[in-house]
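I have placed the structure first, in the form of structure tokens, so that the comments after it can refer back to it.
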There are 2 protein chains.
Amino acid sequence: MTSGKDPNRPSVLGGPTIILVQPQLGENIGACARAMLNCGLTELRLVKPRDGWPNEKAVAAASGADPVLDGAKLYDTTAEAVADLNVVFATTVRTRGMIQEFVTPRVAATELRAHVDSGHKTGVLFGPERTGLVNDDLTLASTLITVPLNPAFSSLNLAQAVLLIGYEWFQTGETPPDRVLHTGQTRPATKAELVNFFEHLEGDLDRTGFFTSPEKRPSMVRTLRNALERMQMTEQEVRTFHGVVAALTGRRKGEP
Amino acid sequence: MTSGKDPNRPSVLGGPTIILVQPQLGENIGACARAMLNCGLTELRLVKPRDGWPNEKAVAAASGADPVLDGAKLYDTTAEAVADLNVVFATTVRTRGMIQEFVTPRVAATELRAHVDSGHKTGVLFGPERTGLVNDDLTLASTLITVPLNPAFSSLNLAQAVLLIGYEWFQTGETPPDRVLHTGQTRPATKAELVNFFEHLEGDLDRTGFFTSPEKRPSMVRTLRNALERMQMTEQEVRTFHGVVAALTGRRKGEP
């Protein structure tokens with residue numbers, strides 16, 4: 001499922017830059033790169049990674065997201081890392097009594113998309129694993145993002161936090177329809193094909209005395225058709241079920 | 001940021017059971033437990049974890065989500081793991097040419113919420129790290145979930161996949177369902193009831209020579225079960241279709 005080719009789709013080009021402030025574990029930086037590329041984000045900036053840079057453990061954890069790691073830029077301070085950006089959001093789980101706007105990742109993603117569409121350079125700050133961002137870093141952000149999670153257990157691993165922001169970002173782009181029925185080589189059955197099958201089934205049920213009384217037949221037929229409609233059968237499946245009914249009634253293809 | 005008290009909020013109580021099928025690394029199982037508790041999910045089931053159970057690496061990776069690990073239930077087969085559930089969704093990145101409905105995590109979460117609100121027992125299947133779920137497992141699911149991600153780099157770590165489903169589940173909070181399967185006086189069939197019907201049908205098809213060759217039988221059975229799964233039959237409808245099959249084969253109630 002992993003491949004290196006063209007990780008940037010038009011719809012996700014120019015997504016927010018991800019800025020990791022003093023990340024501690026190389027594994028986490030690599031996992032962040034993987035989560036970023038999953039979401040079509042490729043711009044990674046690192047402020048004073050604890051274990052130095054480059055980092056072999058990061059490469060191992062990136063599971064193929066090397067382009068993100070190779071392109072990562074290093075900075076000494078958060079201020080320098082965001083200097084060229086127009087819009088900076090920051091992630092934090094704690095309210096530090098600062099008067100600042102908090103938004104969910106979903107709202108943040110919509111706002112980031114709007115900024116990107118207006119040609120603004122955007123970025124999202126993530127703090128060190130244990131401590132999170134310090135107030136001086138938070139003051140560099142116009143908006144704070146908090147993820148609505150179980151308040152009794154809300155601590156997210158760094159890469160998971162990056163994934164949730166990236167995921168919501170990606171959902172604002174050209175995403176596939178909410179609901180797709182994959183029919184492979186065949187196509188959805190036409191209503192005519194469906195009704196033809198219903199009548200085949202109901203005809204055999206008439207002969208085998210399934211419908212206990214003429215009065216009940218219409219409602220029983222409705223029940224059967226309702227359920228079978230929900231299958232959204234393909235043309236191929238309709239033929240299969242014709243065969244099933246024929247087999248059960250002991251008739252073979254061609255027989256009346 | 002982490003604390004053990006009351007991980008279950010009313011709004012997230014009774015969330016979907018997370019079923020990990022043949023998970024390989026203990027670390028991943030632990031990370032899944034952490035992601036689950038982040039999202040207020042506490043019911044974990046494991047089908048044949050490769051490295052056995054309990055697993056110390058899982059505890060380490062859970063970063064305090066021990067209640068989820070302690071409550072995890074073990075199963076030998078996926079079918080047993082879902083037997084008591086009314087509604088089973090499955091996550092997959094690949095289209096395997098099966099005719100089945102795919103939804104996004106967001107839509108899946110809304111539907112799961114609707115089922116939970118209707119008192120149905122729900123679960124979501126996740127496959128092994130490398131290979132994902134096999135077709136026989138997928139046939140136990142009424143709906144397949146795929147996460148819209150960078151198509152050129154879409155492979156998610158197991159815990160990240162669990163997090164995205166759990167995150168969307170948590171976001172549904174108190175929101176009203178937008179799609180419910182109205183079951184009237186009855187309820188969705190349990191997987192056990194469904195499998196029992198499948199076996200009734202397939203047994204009769206064996207006797208009537210529907211399966212043209214032993215080699216073809218498994219794939220033909222999969223095709224039938226796939227289509228029938230999509231009906232999301234109620235318990236009442238399962239009984240009706242038992243009657244349909246019995247009638248077609250010319251047997252009456254009570255006859256062997």
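Hydrogens, waters and symmetry mates are skipped; everything else that's a heavy atom, side chains included, is used. Just so it is clear: chains get the letters A, B, ... in the order the sequence lines come, proteins before strands, and each one is counted from 1.
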(request) Begin with the C-alpha distance, continue with both residues' side-chain angles, and end with the deciding distance and a verdict on side-chain contact (heavy atoms from CB on, under 4.5 Å) for Cys39(A) and Asn150(B). (result) CA-CA 5 Å; Cys39(A) 306; Asn150(B) 180 352; over 6 Å; no

(request) Check for a donor-acceptor pair, side chain of Gln171(A) on one end and backbone N or O of Arg106(B) on the other, with a separation under 3.5 Å. (result)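 No; judged by distance alone, with no hydrogens or angles, the pair does not exist.
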
(message) Taking Ser155(A)'s backbone N and O only, do any of them form a donor-acceptor pair with Asn38(B)'s side chain (distance below 3.5 Å, no angle check)?
(response)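 Confirmed, Asn38(B) side chain pairs with Ser155(A) backbone.
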
(request) Let me know if Glu237(B) has heavy atoms under 4.5 Å from chain A in its side chain, its backbone, both or neither. (result) side chain

For [X] and [Y], which heavy atoms make the closest approach, and how far apart are they?
{"X": "Phe241(A)", "Y": "Ala227(B)", "value": "CE1-CB, 3.8 Å"}
{"X": "Phe153(A)", "Y": "Gly64(B)", "value": "CE1-C, 3.8 Å"}
{"X": "Leu205(B)", "Y": "Ala247(A)", "value": "CD2-CB, 4.1 Å"}
{"X": "Gly243(B)", "Y": "Phe210(A)", "value": "C-CE1, 3.6 Å"}
{"X": "Gln160(A)", "Y": "Ala35(B)", "value": "NE2-CB, 3.7 Å"}

(message) For Ala31(A), which atoms come within 4.5 Å of any heavy atom of chain B: side chain, backbone, both, or neither?
(response)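 Backbone only.
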
(message) Looking only at the side chains, is there a donor atom on one of Tyr167(A) and Glu168(B) sitting less than 3.5 Å from an acceptor on the other?
(response)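 Yes, because at least one side-chain N or O of Tyr167(A) sits under 3.5 Å from a partner of the opposite role on Glu168(B).
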
(message) Is any side-chain heavy atom of Thr249(A) closer than 4.5 Å to one of Leu248(B)?
(response) yes

(request) Please examine the side chains of Met231(B) and Met233(A), heavy atoms only from C-beta on, and report whether any two atoms are closer than 4.5 Å. (result)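 No - every pair of side-chain heavy atoms lies 4.5 Å or more apart.
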
(request) Specify which of Leu164(B), Leu228(B), Thr240(B), Leu224(B) makes the most heavy-atom pairs with chain A at under 4.5 Å. (result)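 Heavy-atom pairs under 4.5 Å are most numerous for Leu164(B).
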
(request) Go through the steps for Asn157(B) and Leu163(A) under the test side-chain contact (heavy atoms from CB on, under 4.5 Å), then give the verdict. (result) CA-CA 11 Å; Asn157(B) 154 292; Leu163(A) 176 72; over 6 Å; no

